[in-house]
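These values consider heavy atoms only, across backbone and side chains, with no hydrogens, waters or symmetry-generated copies. If you're wondering where the values come from, they're calculated on a predicted model, not measured in any experiment.
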Amino acid sequence: MKDSHRPDRAMTTTNPATEEVLDTYPLMSDDEMISALEACHAAFEEWRLKSHKDRGEVMKAIGAKLRDRKEEFAKLMTQEMGKRLLDSRDEIDLCAAICDWTAEAGPEVLADETRDLQDGRKGTITKAPIGVIYGIQPWNFPAYQAVRYAIANLMAGNGVLLKHAEICTGSGLMLKEVFEEAGLPKNLFTVMLIDHDQSDELIGHKLVRGVTMTGSAKSGSIIAAKAGEHLKKTVMELGSNDAYLVLEDADVELAVKTCVAGRIYNNGQTCVNAKRFIVSNKVYEDFVEGYVKAMGDVTLGDPTAEDTDLGPMARKDLRETLHDQVKKSVDKGAKIEVGGEIPERTGYYYPATVLIDVKPGQPAYDEELFGPVASVIRAKDDEDAMRIANDSRFGLGGGIFSRDEKRALELAKKHFDTGMVFINHFNLATPEMPFGGVKDSGYGREHGGFGMTEFINAKAITLPS
C-alpha cells in the first residue's frame, strides 16, 4: 500500500446556514491509518479483559461527560450540519441516555449463559468480544450516529474505529475527546480521517473484524459487498421511505400535528422521518386541509434561533437533489400544495413542502426524499392504506394513526413490513428498543441490547457431566 500524506487533500467543514468554511482537516497517510488501527487493536487487547461492570462504569461516565459538554457539542453540530440548536441539545441528551441504559443493562445482556445438555454434559455460552469494529457514519446526527454503534461495541469489549462524514469531522473528533476525558482508554475509540480508497483498504485489513454502516441503500450495498469479499460481518442501517397511515378512525388533528413534526424534524433529514402519508379516503380531505396549512406555517430560518421551525439542509448538492426529485414528481403528475421553491437567500434552505396526487413512478412515491418534503397519498380504505405502505423497497420505520390502539397494534404486528412502528406518535430511537429495518433499509439491529451482541463471539464451551 502506497504511503502518501495527500497534501492536496483535506476535509472541509462548512456552515450550511451561512455558507462559510468552518475548518479543514488533513487526511491521514496510509501509514498513519494503519498505525491508528494497530493502536486501537492494542487497546482492545487490554479492554476485552475488563469486567462488564468496569466497562459499564466508563459508559456511564461518558454519558455524564456528554451532559457536561452539551452546549458546546450542540453548538458545533448545528454549525456543521445546520440542525436546530434545540434538536442538537436533544441529540446529546439521547446519546447520554444510551450510555446510561447500556451501562445498566450491559452486564445482564452480555452475561454468560449455562445450559444442561441432553447427554448430561454442562454447557456455557460466553459472549466474547471479537476485536476492532469499523463504523462508517453519515452527517445527519453527528453525535448519535457514532454513539449508537460505538457505545454498544465498547460495552461488549470491542475496539471502535469511526469514519465520519466529512462535513461533521469536528463533531467526530469532539466525541473522541469526550470519550477519553470520561476515562475510555486512549486509542480504543479512534476517528479515521481517510478517503474512500483508504476505507476499502481498511475493511480488508485482518485487524478489522466487523463493519457497520449507516447511509443510503446504494452505498450500503457497496460496503457490504466489499466486507463480504473478506468474510467480514456487517450491520447495515440504510435509507427508508417511512409510511405513516392515517386510518378512517384516526384523530385527524393529532395526525396533522404529529406528521408535521415527523416530517420536518432534523430539517427533514432523518432515516426514520415520516415521509409518506397514506390517508384513507374517508378522512383524506380533512387531513390534507389541515396538513397543508400547518406545513405552510412552518418558519424557515436561523437554526440557532428558538423560534425557528426549520433550518437549512446540510449541503447544497443535497438540496439540488431534493428539488430535482420534486420537479420530476410534478412532471409525472404530482401537485405542489405548499413550498417547492428554493428561496433566494444565503444558506442551503428549502421550505416545508407538501405534494399530493403522489403515485407510483414518481420519485415522491418510489424514492426517499431526504429533506422537508411530504408525499401525501390517497388510499381507498384502511386495507388499501396498508397495501400502499408496504409497496416500497424500504422498511425501516412507520406509523399508524387510529383511535383503536388494539387494532393498530395487530396491524403493526402482523401486516406492517417494517422494522419499527409508532402508533399515534412519532419517535426516532429509544435506548430500550431495537433499531433497524428490513428490505433495502438494511439488516442487523442496534439499541435494546441487540447492538451489544451483533459483533460478539457466542462461544460454546462444554464440560463433562
State whether Asp100 and Lys60 are salt-bridged, where the test is any N-O pair (Lys NZ or Arg NE/NH1/NH2 against Asp/Glu carboxylate O) under 4.0 Å. no
Glu337 vs Lys335, test: salt bridge (charged side-chain N to carboxylate O under 4.0 Å, His left out). Steps then yes/no. CA-CA 6 Å; Glu337 289 291 280; Lys335 181 182 177 184; 3.6 Å; yes
Consider only side-chain N and O atoms of Ser280 and Glu248, and report whether a donor and an acceptor are under 3.5 Å apart. no
Asp404 side chain to Ser402 side chain, donor-acceptor N/O pair below 3.5 angstrom: no
Any donor-acceptor pair under 3.5 Å linking the side-chain atoms of Ser88 with those of Thr78? yes
Any donor-acceptor N or O pair under 3.5 Å, side chains Asn241, Tyr365: no
Quick test of your reading of the model: are Asp324 and Lys328 salt-bridged, counting only N-O distances below 4.0 Å? yes
Any donor-acceptor N/O pair, Asn266 side chain to Gly268 backbone, under 3.5 Å: no
Relative to the ring of Tyr291, is the ring of Phe287 parallel (under 30°), tilted (30 to 60°) or perpendicular (over 60°)? parallel
Determine, stepwise, if the pair Lys176 / Glu180 fulfils salt bridge (charged side-chain N to carboxylate O under 4.0 Å, His left out). CA-CA 6 Å; Lys176 178 180 184 295; Glu180 292 184 357; 3.0 Å; yes
Can Asp297 and Lys293 be counted as an ion pair, charged N to O under 4.0 angstrom? yes
When you check the side-chain N and O atoms of Tyr443 and Thr234, is any donor under 3.5 Å from an acceptor? yes
Is Asp242 paired with Arg276 through a side-chain N to carboxylate O contact shorter than 4.0 Å? no
Measure the OH-SG distance between Tyr244 and Cys259 for me, rounded to the nearest 0.5 Å. 8.0 Å
Interatomic distance, Met236 atom CE to Ser441 atom OG [nearest 0.5 angstrom]: 13.5 Å
Any luck finding a side-chain donor-acceptor pair between Arg84 and Asn267 under 3.5 Å? no
Looking at Glu410 and Arg407, is there a salt bridge between them, counting it only when a charged N and a carboxylate O are closer than 4.0 Å? no
In terms of relative ring orientation, are Tyr265 and Phe141 parallel, tilted or perpendicular, with 30° and 60° separating the classes? parallel
Would you verify whether the NZ or CZ of Arg319 falls within 45 degrees of the ring axis of Tyr348 while also being under 6.0 Å from that six-membered ring's centre? no
Ring centroid separation for Tyr144 and His447, is it under 6.0 angstrom? yes
Do Tyr149 and Thr214 meet the criterion of a side-chain donor-acceptor pair at a distance under 3.5 Å? no
Donor-acceptor side-chain pairing of Asp302 and Thr308 below 3.5 angstrom: no
Is a side-chain N or O of Lys232 found less than 3.5 angstrom from the main chain of His205, in a donor-acceptor match? yes
CZ-CG distance between Arg403 and Asp249, expressed to the nearest 0.5 angstrom: 7.5 Å
Check the pair Arg445 / Glu237 against salt bridge (charged side-chain N to carboxylate O under 4.0 Å, His left out), numbers first and verdict last. CA-CA 8 Å; Arg445 291 293 182 271; Glu237 195 274 279; over 6 Å; no
Under 4.0 Å between a side-chain nitrogen and a carboxylate oxygen: does that hold for Arg315 and Glu19? no
Quick check on side chain to side chain contact (heavy atoms under 4.5 Å, CB included): which of Met11, His164, Met33, Gln198 does Leu193 satisfy it with? Met11
